[in-house]
Colleague: 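So that we are looking at the same thing, I have put the structure below in structure tokens.
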Amino acid sequence: MQDVKAPLREALKTALERLGVEPPATIPVEPAPKGKPGDYGTPLPFQLARRLKKPPPEIARALAEALPPLPGLAEALPVGGFLNFRLEPGYLVGLATEPPAPRPPSGGKVLLEHTSVNPNKELHIGHLRNVALGDAMARILAYAGRVVEVANYIDDTGRQAAESLFAIARYREAPGEGEKYDHFAGRLYVRLHRELGEEGKKEVLEPEIREVLRRLEAGELRAEVERILTAQLATMWRLGAEYDVLLWESDIVREGLLEKALALLKTTPYVLEPEEGKYRGALVFDTSKFIPGLEDPYLVLVRSDGTATYTAKDIALQFWKMGLLSGLKFRPYTAQPSGRPLFTSHPQGEPMPFGGASETINVIDVRQSYPQEVLKAALRALGRDDLAAGHHHLAYETVLLEGRPLSGRKGHVVSVDALVQEAVARARAIVAEKNPDHPDPELAAEQVGIGAIRFAMVKAEPRRQIDFRWDQALSFEGDAGPYLQYAHARAASILRKAREKGLDPEAPLPEGAVGTAGGYEVALAKVLLGFPEAVEKSAVERTPHLLAAHLLDLAAAWNAYYNAKEDGQPATPVLAAPEGLRELRLRLVWVVKETLRQGLALLGVPAPEVM
RNA sequence: GCGCCCGUAGCUCAGCAGGAUAGAGCGAGCGCCUCCUAAGCGCUAGGUCGGAGGUUCGAAUCCUCCCGGGCGCACCA
């Protein structure tokens, strides 16, 4: 797939030089709105009007005349103050006869952390948004040419893990028939909280919970945590999300990273131990220089009882991620469904080249914005403004369930496993209804169910609150994952039939084939050509929803092409088209299918060949 | 109180490093399977882009203020 805008920009730049005008840093070129003449256009004359003291239409005419010869350009049309370009159909379609390709990786490493669910209970739909966003973002960045490392942080020394493990030990219950271990742990966790709510229980049980916490910090209960983690990973994997490395909090502490981070910070004037006042005996970080406007800029890193806060551990982790600290050891953990190896930090591991990133992205909900700012502040306290600028918080709004906030205590939650099960069941019913002869209905049901869920989680702007509603999230019509999948399957079907007839969609086009292109092909090609830009924009702005929107456009353009009729007759048959045009159309179908496949892959949505 | 985010069609949302008559989906109405998958396509109806100022040749997009909603401002995890 070739860039259609770049040559136009180049030509405009040359024209400006010929007119003796200094070209602006970026020359805008956009598709012409429908109803306007030409295929692409630029508002450049408006921008130059003031400087040149000439009316825009006059500048547009002058630019048109000064344009160098340009392959594929049929006509340069001044339209009011715009300068539009009409391109030869064959040229335009020719640019779209190769599928898009990923960019080769280059530059520094981007360490993206997502999921990071407490290893104490099953995932719910709030976590789902994190996994879907993080996994899609990682794929998009890698495709756009970044070197990406995906980390999942395991908070194994937290209160929640301790409570679940304590509950499991206390109630001596076994998982129910077919009950996943994370659900089991979550169920007993809830039971424990009910008991803790009873009169006087908290005081009695608290020391025992603290003892579990101590053993967790010592790493004595790692196998117990892993049992829950393994069950959670099964859920992430079924969703199609994978990771490169697990980072255990207990390892960070045990390998002394926390101590090292605090030591680094203590060398700065911003970290102090007040001898009086409310922070007496604690180690605090004065953030006032970095986060202005706070009523109380002091942030506790180590409590007066000597225990470290989450913030302190997060800072240590951030320092490690950006190569300011070393000492973590790793070893292989397991193979993931795709075959991609998963590593884990481990006390008996070896040094491996994880971390040391120049850029970090934390996928975490918007309520964590302040702690994320603190991470930057800590980097700046060390004088590393460069690293602070390289840290990004991919903040997403929380998920509501049927209009109300999720609440584990009130039982107002839906687990990801239950959601997936329901989605696949609904998909199974629809596959049976729509395509009773499907060769592998179970595969299709799984792909469509997962696809619907994952697309629902990434199609909205991350900073918009999602109200999860069953009927909407599992909709198989309209702006939804299955719509894209259906478009893909339709294209795949044509390709399959073509190959049965002995045609090769990937074969080089015969001489003159692109010349047979008409308006339908041009319209489709123009949408296809927008794909690389959509991916890049998603990567730069760190949000998958832009790519999601483009894929919907592409699928719509393809469906419109597929259904085009003139006088009630199909206007764009592929296999029944005359030779030459048939090869061109087939080629375009192949490019559509490949583009959808790649785009869906970037969102973590499966692309069924048949559905 | 201070700070951040959101406010676009009846509902759910795109568009927001300023550009051409503001776009989808759902829902409503009408139409399209003797044609490569109708999970699709076409047409119709539906909008003072929360409000008011400002900047600009041009504002949904940038700035200011106001209104409405969400979130954050713990030696909690």
Side-chain angles (χ1 to χ4, degrees), chain A residues 26 28 30 32-36 41-44 46-47 49-50 55-56 79-82 84 118 155 158-160 162-163 278-284 291-296 298-305 307 309-310 365-371 373 395 397-398 400 405 427 430-431 433-435 438 448 459-461 463-467 469 471-472 475-480 482-483 485-487 489-498 540-541 545-546 548-550 552-553 555-556 558-565 568-570 572-577 585-586 589 610-611:
Chain A
T26 54
E30 292 306 321
K34 43 179 155 162
K36 294 288 174 185
T42 177
L44 193 55
F46 287 102
Q47 298 172 3
R50 167 163 302 200
V79 182
F82 291 88
N84 286 7
N118 274 316
D155 179 11
R159 173 103 200 160
Q160 316 213 26
E163 288 176 350
K278 70 189 256 206
Y279 295 117
R280 187 162 53 92
L283 186 73
V284 301
I291 310 177
L294 290 176
E295 251 172 72
D296 180 356
Y298 280 19
L299 195 113
V300 174
L301 297 175
V302 180
R303 302 182 189 99
S304 45
D305 68 1
T307 58
T309 60
Y310 265 44
D365 78 61
V366 70
R367 292 173 298 186
Q368 299 294 323
S369 296
Y370 174 60
E373 276 306 304
E397 259 294 351
T398 49
L400 301 179
I430 291 178
V431 171
E433 175 203 330
K434 307 261 186 191
N435 193 350
H438 197 290
V448 171
K459 77 169 175 178
E461 197 186 356
R463 309 209 64 136
R464 191 179 279 278
Q465 198 161 50
I466 292 182
D467 185 8
R469 293 187 190 159
D471 54 344
Q472 242 166 263
S475 163
F476 294 157
E477 287 170 12
D479 279 357
Y483 175 79
Q485 296 177 313
Y486 185 68
R490 257 183 164 176
S493 171
I494 294 179
L495 297 173
R496 212 164 33 242
K497 289 196 160 65
V540 169
E541 301 199 10
H545 87 279
L546 297 174
H550 179 263
L552 287 171
D553 283 348
W558 159 235
N559 278 327
Y561 182 85
Y562 184 96
N563 276 307
K565 287 187 183 64
Q569 293 302 307
T572 53
V574 176
L575 301 177
R585 285 180 172 168
L586 195 53
V589 172
V610 187
M611 66 184 270

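The shown structure was predicted, so the numbers you read here are calculated from the model rather than taken from an experiment.
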Colleague: Check this for me: does the side-chain of A/Gln368 come within 3.5 Å of the base of B/G72 through a donor and an acceptor?
Modeller: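 When only heavy-atom distances are counted, A/Gln368 does not reach the base of B/G72 through any donor-acceptor pair under 3.5 Å.
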
Colleague: Does a side-chain N or O from A/Lys497 land closer than 4.0 Å to OP1 or OP2 of B/C36, or not?
Modeller: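 So the side-chain polar atoms of A/Lys497 never come under 4.0 Å of the phosphate oxygens OP1 or OP2 of B/C36.
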
Colleague: Identify whether any heavy atom of A/Val589 sits under 4.0 Å from a base atom; if not, whether one sits that close to sugar-phosphate; answer base, sugar-phosphate or nothing.
Modeller: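 Nothing, no nucleic acid heavy atom in range.
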
Colleague: Is B/C33 in the syn range, within 90° of 0, or in the anti range?
Modeller: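 Judged by the O4'-C1' to base torsion, B/C33 sits in syn, the angle falling within 90° of 0.
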
Colleague: Hey, does the side chain of A/Tyr370 come within less than 4.0 Å of B/C71's phosphate (OP1/OP2), counting only N and O?
Modeller: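 No, outside the criterion.
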
Colleague: Which part of the nucleic acid does A/Arg280 contact within heavy-atom distance under 4.0 Å: base, sugar-phosphate only, or nothing?
Modeller: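 Base contact.
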
Colleague: Just to verify, what does A/Lys278 make a salt bridge (Lys or Arg N to Asp or Glu O under 4.0 Å) with, not counting sequence neighbours?
Modeller: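 Per chain and number, A/Lys278 pairs via salt bridge (Lys or Arg N to Asp or Glu O under 4.0 Å) with A/Asp296.
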
Colleague: Between CD of A/Gln485 and CZ of A/Phe476, what distance do you get to the nearest 0.5 Å?
Modeller: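 Output value for this atom pair is 8.5 Å.
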
Colleague: Show me the protein contacts with nucleotides 28-35 of chain B, counting only N or O atoms at under 3.5 Å.
Modeller:
none

Colleague: Let me know the distance between OH of A/Tyr279 and C1' of B/C75, rounded to the nearest Å.
Modeller: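 After rounding, the reported distance stands at 8 Å.
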
Colleague: Reading nucleotides 10-25 of chain B 5' to 3', which nucleotides get B (base under 4.0 Å from a protein heavy atom), which S (sugar-phosphate only), which -?
Modeller: --SSSSS--BBB--BS

Colleague: Using the test side-chain hydrogen bond (donor to acceptor under 3.5 Å, both in side chains), find all partners of A/Arg464 that sit at least two apart in sequence or belong to another chain.
Modeller: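 Not a single residue meets the side-chain hydrogen bond (donor to acceptor under 3.5 Å, both in side chains) criterion with A/Arg464.
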
Colleague: With heavy atoms under 4.0 Å as the rule, sort A/Ser369 into base, sugar-phosphate or nothing.
Modeller: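 Nothing: the residue A/Ser369, judged by heavy atoms under 4.0 Å, touches no strand.
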
Colleague: Could a donor-acceptor pair under 3.5 angstrom be found where the side chain of A/Thr309 meets the base of B/C75?
Modeller: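 Looking at the base of B/C75, it does not pair with any donor or acceptor on the side chain of A/Thr309 (distance under 3.5 Å).
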
Colleague: Stems involving RNA chain B: give each as a range paired with a range, ordered by first number, where a stem means at least three consecutive Watson-Crick or G-U wobble pairs under 3.5 Å.
Modeller: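 Ordered by first number, the stems with RNA chain B (at least 3 consecutive pairs each) read B:1-7 with B:67-73, B:10-13 with B:23-26, B:28-32 with B:40-44, B:50-54 with B:62-66.
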
Colleague: Is the backbone N or O of A/Ala282 less than 3.5 Å from a side-chain atom of A/Ser304, with the two atoms forming a donor-acceptor pair by type?
Modeller: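 Not confirmed, A/Ser304 side chain does not pair with A/Ala282 backbone.
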
Colleague: Provide, to the nearest angstrom, the distance between the CZ atom belonging to A/Arg490 and the C1' atom belonging to B/C36.
Modeller: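 Rounding to the nearest Å, CZ of A/Arg490 and C1' of B/C36 are 9 Å apart.
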
Colleague: Restricting to salt bridge (Lys or Arg N to Asp or Glu O under 4.0 Å), what partner residues turn up for A/Arg490, sequence neighbours left out?
Modeller: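 A/Arg490: no salt bridge (Lys or Arg N to Asp or Glu O under 4.0 Å) contacts found.
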
Colleague: Under 4.0 angstrom, heavy atoms only, what part of the nucleic acid is A/Val610 near: base, sugar-phosphate, or nothing?
Modeller: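 It contacts base atoms.
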
Colleague: Which label fits A/Tyr561 and A/Trp558: parallel for a plane angle under 30°, tilted from 30 to 60°, or perpendicular past 60°?
Modeller: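 Parallel, since the angle between the ring planes stays under 30°.
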
Colleague: Could you tell me whether the side chain of A/Asn435 and the main chain of A/Met611 form a donor-acceptor pair under 3.5 Å?
Modeller: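 The answer is yes, because a donor-acceptor pair under 3.5 Å joins these two groups.
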
Colleague: How many Å lie between CZ on A/Phe476 and P on B/C26, as a whole number?
Modeller: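 Those two atoms, CZ and P, are 15 Å apart.
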
Colleague: I want to check one thing: is the phosphate of B/C41, taken as OP1 and OP2, less than 4.0 Å away from some side-chain N or O of A/Tyr483?
Modeller: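 Yes, because at least one side-chain N or O of A/Tyr483 sits under 4.0 Å from OP1 or OP2 of B/C41.
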
